[in-house]
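To keep things clear, I will list the structure first and then write my remarks on it.
Just so you know, these numbers use all the heavy atoms, side chains as well, and skip hydrogens, waters and symmetry mates.
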Amino acid sequence: QLQMVESGGASVQTGGSLRLSCQGPEDTFSGTYCVGWYRQAPGKERERVAILYTSDRSTYYRDSVKGRFTLSEDEPKNTLYLQMDGLEPEDTGMYYCAAVRARYYCYSLPPQDGNYWGQGTQVTVSS
């Protein structure tokens, strides 16, 4: 179910910043266990980047982005943001947003079926 719409991807140089946005349906935060960002680099598997757990607003960041990426939300707008600072070439990839409707998948990669996914936005970081 492609119900999330990502935007904000671009090509930047090392050290640059981007802010990604992801807007979903009305129950993006109220009807899910978590909302998060995932990325996939060419030839690699999709990986979790940053997750917001909707029950208590706790967050998860993968180690490589801690201190550089920050999640924020605008619940009335059903929107999740990812502020990315200090970008590195290793951050290059297609960034996807997902709103997860099964608790188990908040700790792994959620499938397309049963969850809200978007089509992705491309981030390219050049050295």
Which residues pass the ring pair (Phe, Tyr, Trp, His ring centres under 6.0 Å) test with [X], sequence neighbours left out?
X: Tyr107; value: Tyr53
X: Tyr61; value: none
X: Phe69; value: none

Rounded to the nearest 0.5 angstrom, the OG1-CG distance for Thr70 and Leu82 is 8.0 Å

Spatial distance of atom CG (Leu80) from atom OG (Ser21) [nearest 0.5 Å]:
9.0 Å

Shortest non-hydrogen contact between [X] and [Y], atoms and distance:
X: Ser64; Y: Arg39; value: OG-NH2, 3.6 Å
X: Met4; Y: Pro25; value: SD-CD, 3.9 Å
X: Tyr96; Y: Gly118; value: CD2-O, 3.6 Å
X: Gly86; Y: Asp91; value: O-OD2, 4.4 Å
X: Arg19; Y: Ser72; value: NH2-OG, 4.4 Å
X: Thr79; Y: Lys77; value: OG1-O, 2.8 Å

Run the side chain to side chain contact (heavy atoms under 4.5 Å, CB included) test on Val35 and Tyr116 for me, step by step, so that the C-alpha distance in whole Å, both residues' side-chain angles and the decisive distance to 0.1 Å come before the verdict.
CA-CA 9 Å; Val35 188; Tyr116 301 143; over 6 Å; no

Residues pairing under disulfide bond (SG atoms under 2.5 Å apart) where one sits in residues 8-83, two or more places apart or in two chains, turn out to be Cys22-Cys97, Cys34-Cys106

According to the disulfide bond (SG atoms under 2.5 Å apart) rule, which pairs have a member within residues 38-71, sequence neighbours left out?
none

Are [Y] and [X] connected in a single hydrophobic cluster, I mean Ile/Leu/Val/Met/Phe/Trp/Tyr linked by side-chain heavy atoms less than 4.5 Å apart?
X: Tyr38; Y: Tyr105; result: yes
X: Val12; Y: Met84; result: yes
X: Ile51; Y: Met94; result: yes
X: Tyr60; Y: Leu109; result: yes

Short side-chain to backbone donor-acceptor contact, [X] and [Y], under 3.5 Å:
X: Gln3; Y: Gly24; result: no
X: Arg103; Y: Tyr33; result: no
X: Arg62; Y: Arg48; result: yes
X: Glu6; Y: Gln119; result: yes
X: Thr121; Y: Tyr95; result: no

4.5 Å side-chain heavy-atom contact, [X] and [Y]:
X: Glu73; Y: Leu52; value: yes
X: Thr14; Y: Val125; value: yes
X: Thr124; Y: Gln122; value: yes

More than 12 non-hydrogen atoms from neighbouring residues, nucleotides or ligands closer than 6.0 Å to CD on Gln13, yes or no?
no

Can you tell me if CD on Glu47 sees more than 12 non-hydrogen neighbours from other groups inside 6.0 Å?
yes

Those residues at least two apart in sequence (or on a different chain) that pass side-chain hydrogen bond (donor to acceptor under 3.5 Å, both in side chains) with Ser17 are Asp85

